[in-house]
Amino acid sequence: MDTLQQLPKIQYTKIFINNKFVDSVNKKTFPTLNPATGETIADIAEGEKEDIDIAVQAAKTAFSRKSEWRKMAPSERMKLLNKLADLIEQNTTELAALESLDNGKPYKNSLIGDIPGVVSVFRYYAGLCDKYFGKTYPVDGDFLCVSRKEPIGVVGQIIPWNYPLMMLAWKWGPALAAGCTLVLKPAEQTPLTALYAAALSKEAGFPKGVINVVPGYGPTAGAALALHPDVSKVAFTGSTEIGRKMLSYSAQSNLKKVSLELGGKSPLVVFDDVDVDEAVKIAHDALFSNHGQNCCAGSRTFVQAEIYDEFVRKASELAKKKKVGNPFKEDTEQGPQVDQMSINKIIDLINSGVKEGAKLQTGGKRIGNEGYFVEPTVFSDVKDNMRIAKEEIFGPVQSILKFETMDEVIDRANNTEYGLAAGVITKDINRAFEFSQAVRAGSVWINTYNAVTPQAPFGGYKMSGIGRELGPDSLEGYLETKTINMSVPCTH
Ligand code: NAI
Ligand code: MG
């Protein structure tokens with residue numbers, strides 16, 4: 001794979017409202033950077049409150065009674081979603097290249113992971129357009145009582161930079177299947193694929209105003225969207241800190257519904273009956289995939305005492321072998337972190353680990369000054385009260401902790417404010433299920449990790465979030481339930 005051949009042309013840099021690309025009202029722009037070099041890829045129209053107001057108005061008009069979108073048959077919505085999936089599939093190489101250029105993840109991962117994943121999410125929700133149901137209720141009195149599911153209205157969607165197009169699909173899929181209209185604000189670090197997807201949505205035939213994309217910063221465009229009185233729901237993925245703000249924005253404005261998918265400090269527990277090489281590989285991928293920039297990263301690796309030393313040695317060897325570099329080189333396994341802020345946070349946490357007495361087995365430093373690369377890092381002898389065992393690092397830093405018994409590891413795994421995911425590696429089915437049922441987390445993986453699929457719910461306990469994405473559960477979050485009770489002559 002030649003580097004130059006992969007660098008895509010940037011076609012879309014403006015705000016997308018009513019199926020048109022427009023400048024921002026204030027004519028401002030912001031640069032999106034290539035994290036492999038730190039250089040500007042393109043200047044993007046910077047949306048602010050004024051632009052959000054226009055976009056929300058467009059979405060409101062598109063949602064109005066008797067609009068083309070409201071009158072559209074569910075089977076027609078299904079066709080549009082499938083058409084969008086087709087177009088994304090046809091443009092896979094272009095989208096994968098844009099994603100890697102903007103975010104820094106290896107091109108081959110975008111190509112065989114992210115983009116096909118996006119297509120399957122859209123196809124799944126295409127199938128759900130006419131498969132959500134009301135009920136009839138055996139109520140007291142002479143009534144026929146039914147419930148009906150209706151789209152919640154205009155939704156605001158605010159997404160992060162770690163899986164830019166994937167997060168868009170998780171938000172657009174259920175919102176469109178439910179018949180909502182939307183305004184999406186992509187992360188300021190990675191606006192390019194969202195704008196490309198906007199162009200494809202127009203080509204697919206979505207009526208104007210149904211899908212709007214306003215790039216910009218969080219405190220300006222993001223806050224305006226989450227505070228908007230005409231937005232009925234906000235769906236957010238990102239940090240816990242900003243998740244809190246979403247709830248307060250809702251309280252300050254119109255009590256819009258809020259769904260949150262936030263951070264984690266997910267435990268992965270390795271019992272001593274395993275094939276150590278296999279377990280080391282699962283635990284390695286659980287943490288290092290997407291350079292550790294993964295909300296469900298297995299960032300607390302608990303290993304049973306009997307195999308601890310062997311595990312630490314092999315985990316360190318594997319991390320040392322990892323190829324870090326240009327995302328467009330075929331053999332690259334880890335590209336740059338997303339930006340300077342991210343590097344600062346990761347290095348600060350690595351330094352805290354050393355200071356607090358964890359053993360640095362490998363890595364620990366930034367690589368060079370160009371771009372935002374960090375050495376794959378492994379700590380052993382990590383204790384529960386160290387910052388690296390408590391805080392979300394969001395970087396390629398594996399923390400390995402030692403445990404002795406099941407009861408002990410369950411208590412320690414649950415001793416966190418987060419609860420997004422967990423994993424257990426063992427050949428003993430009793431151990432696997434005892435742990436899976438006791439751990440307070442939204443997803444549990446047994447002898448695998450990161451097994452997220454479009455069909456099944458994903459989301460967090462405790463401070464990892466509110467609500468579930470993917471599966472039928474996500475659709476439910478974009479629907480209201482209306483009860484209709486009709487008087488009927490007594491037929492009993
Ligand atoms: P962030 O939470 O600040 O950003 C996520 C999105 O929220 C972006 O689109 C951003 O523009 C928007 N945003 C920021 N401030 C806002 C505000 N006041 N009002 C409305 N929208 C706002 O996350 P950031 O700064 O990119 O990363 C910081 C840390 O958050 C990471 O190191 C990681 O620990 C965590 N994180 C977790 C993610 C997850 O998948 N759960 C994704 C990204 C970050
Ligand atoms: Mg970028």
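Ligands are counted one by one from 1 in listed order, and the atoms in each one are counted from 1 as well.
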Margin query: Please check this pair: side chain of H291 against backbone of G335, looking for a donor-acceptor N/O pair closer than 3.5 Å.
Written below: yes
Next item on the list: Could you tell me whether some N/O pair between G218 and ligand 1 is separated by less than 3.5 angstrom?
Entry: yes
Next item on the list: Give the residue, atom name and distance (to 0.1 Å) of the protein heavy atom nearest atom 39 (C) of ligand 1.
Entry: C295 CB, 3.5 Å
Next item on the list: Could you label the plane-to-plane angle of the F30 and Y217 rings as parallel, tilted or perpendicular, counting under 30° as parallel and over 60° as perpendicular?
Entry: tilted
Check: Taking only heavy atoms of A223, which atoms of ligand 1 are found under 4.0 Å from at least one of them?
Finding: 19 (N), 20 (C)
Notebook entry, point to check: Are any of the N/O atoms in I159 less than 3.5 Å from those in ligand 1?
Noted result: yes
Margin query: Test of understanding: given a 4.0 Å heavy-atom threshold, classify the contact between I393 and ligand 1 as side chain, backbone, both, or neither.
Written below: neither
Checklist line | Which residue and heavy atom of the protein sit nearest atom 27 (O) of ligand 1, plus the separation | finding: W161 NE1, 4.0 Å
Item checked: Within 6.0 Å of NZ in K208, more than 12 heavy atoms from elsewhere -> no
Item checked: Residues, nucleotides or ligands: over 12 heavy atoms within 6.0 Å of R366 CZ -> yes
Notebook entry, point to check: At their closest point, which heavy atom of T190 faces which heavy atom of P160, and how far apart are they?
Noted result: OG1-O, 4.2 Å
Margin query: Quick one, K320 with E375, criterion salt bridge (charged side-chain N to carboxylate O under 4.0 Å, His left out). Give me CA distance, side-chain angles, the key distance, then yes/no.
Written below: CA-CA 8 Å; K320 256 182 220 147; E375 290 173 346; over 6 Å; no
Margin query: What verdict does the salt bridge (charged side-chain N to carboxylate O under 4.0 Å, His left out) test give for E469 and K171, after you've listed the backbone C-alpha separation in whole Å, the side-chain angles of each residue and the deciding distance to 0.1 Å?
Written below: CA-CA 8 Å; E469 298 200 281; K171 301 281 184 283; 2.7 Å; yes
Note to self: Can you tell me how the ring of W170 sits relative to the ring of F458, calling it parallel under 30°, perpendicular over 60° and tilted otherwise?
What the structure shows: perpendicular
Item checked: N, O or S of D102 under 2.8 Å from the Mg ion (ligand 2) -> yes
Next item on the list: Check each of I158, T237, L225 against atom 5 (C) of ligand 1 and report the one with the nearest heavy atom.
Entry: T237
Notebook entry, point to check: Counting distance only, does the side-chain N/O of S474 pair as donor-acceptor with the main-chain N or O of G471 below 3.5 Å?
Noted result: no
Next item on the list: Could you say whether the N/O atoms of I242 and ligand 1 ever approach to under 3.5 Å?
Entry: no
Next item on the list: Assess N103: does it contribute an N, O or S atom lying under 2.8 Å from the Mg ion (ligand 2)?
Entry: no
Next item on the list: Go through R387 and D348 one step at a time and tell me if the salt bridge (charged side-chain N to carboxylate O under 4.0 Å, His left out) criterion holds.
Entry: CA-CA 10 Å; R387 283 183 63 202; D348 175 50; 3.2 Å; yes
Note to self: Is it true that, when you exclude K345 itself, more than 12 heavy atoms of the residues, nucleotides or ligands shown sit nearer than 6.0 Å to its NZ?
What the structure shows: yes
Margin query: What protein heavy atom lies closest to atom 43 (C) of ligand 1? Include the residue and the distance to one decimal.
Written below: P160 CB, 3.5 Å
Item checked: M246: numbered ligand 1 atoms lying under 4.0 Å from its heavy atoms -> 19 (N), 20 (C), 21 (N)
Item checked: Contact (N/O only, under 3.5 Å) between E392 and ligand 1 -> yes
Next item on the list: Verify the contact flag for atom 21 (N) of ligand 1, where contact means a protein heavy atom under 4.0 Å away.
Entry: yes
Next item on the list: Salt-bridge test for E480 and K257: reply yes if a basic N is under 4.0 Å from a carboxylate O, no otherwise.
Entry: yes
Notebook entry, point to check: Identify the closest protein heavy atom to atom 25 (O) of ligand 1: which residue and atom is it, and at what distance?
Noted result: M341 CE, 4.2 Å
Item checked: Shortest protein heavy-atom distance from atom 18 (N) of ligand 1, along with the residue and atom involved -> Y249 OH, 3.0 Å
Item checked: Minimum-distance protein heavy atom relative to atom 2 (O) of ligand 1 -> S239 OG, 2.7 Å
Next item on the list: Around atom 38 (C) of ligand 1, find the nearest protein heavy atom and jot down its residue, atom name and distance.
Entry: F394 CZ, 3.5 Å
Next item on the list: Using a 4.0 Å heavy-atom threshold (strictly under), name the region of E188 that reaches ligand 1: side chain, backbone, both or neither.
Entry: side chain
Note to self: To 10 degrees, how wide is the angle OG1 (T32) to the Mg ion (ligand 2) to O (L33)?
What the structure shows: 100°
Notebook entry, point to check: Do any nitrogen or oxygen atoms of K185 lie less than 3.5 angstrom from nitrogen or oxygen atoms of ligand 1?
Noted result: yes
Item checked: Heavy-atom closest pair, residues L98 and I10 -> CD2-CD1, 3.7 Å
Margin query: Please determine whether any non-hydrogen atom of Q293 lies less than 4.0 Å from an atom of ligand 1.
Written below: no
Next item on the list: Please work out whether any backbone atom (N, CA, C, O) or any side-chain heavy atom from C-beta onward of L262 is under 4.0 Å from ligand 1, and answer side chain, backbone, both or neither.
Entry: backbone
Check: Does any N, O or S atom in V338 come within less than 2.8 Å of the Mg ion (ligand 2)?
Finding: no
Next item on the list: Determine, for D23 against K28, whether the closest basic-nitrogen to carboxylate-oxygen distance falls under 4.0 angstrom.
Entry: no
Check: Can you list the atoms of ligand 1 that are under 4.0 Å from a heavy atom of F236?
Finding: 2 (O), 6 (C), 7 (O)
Next item on the list: Identify, for atom 32 (O) of ligand 1, the protein heavy atom at the shortest distance, and state residue, atom and that distance.
Entry: K345 NZ, 2.7 Å
Check: Rounded to the nearest 0.5 Å, how far does CG of L87 lie from OG of S201?
Finding: 9.5 Å
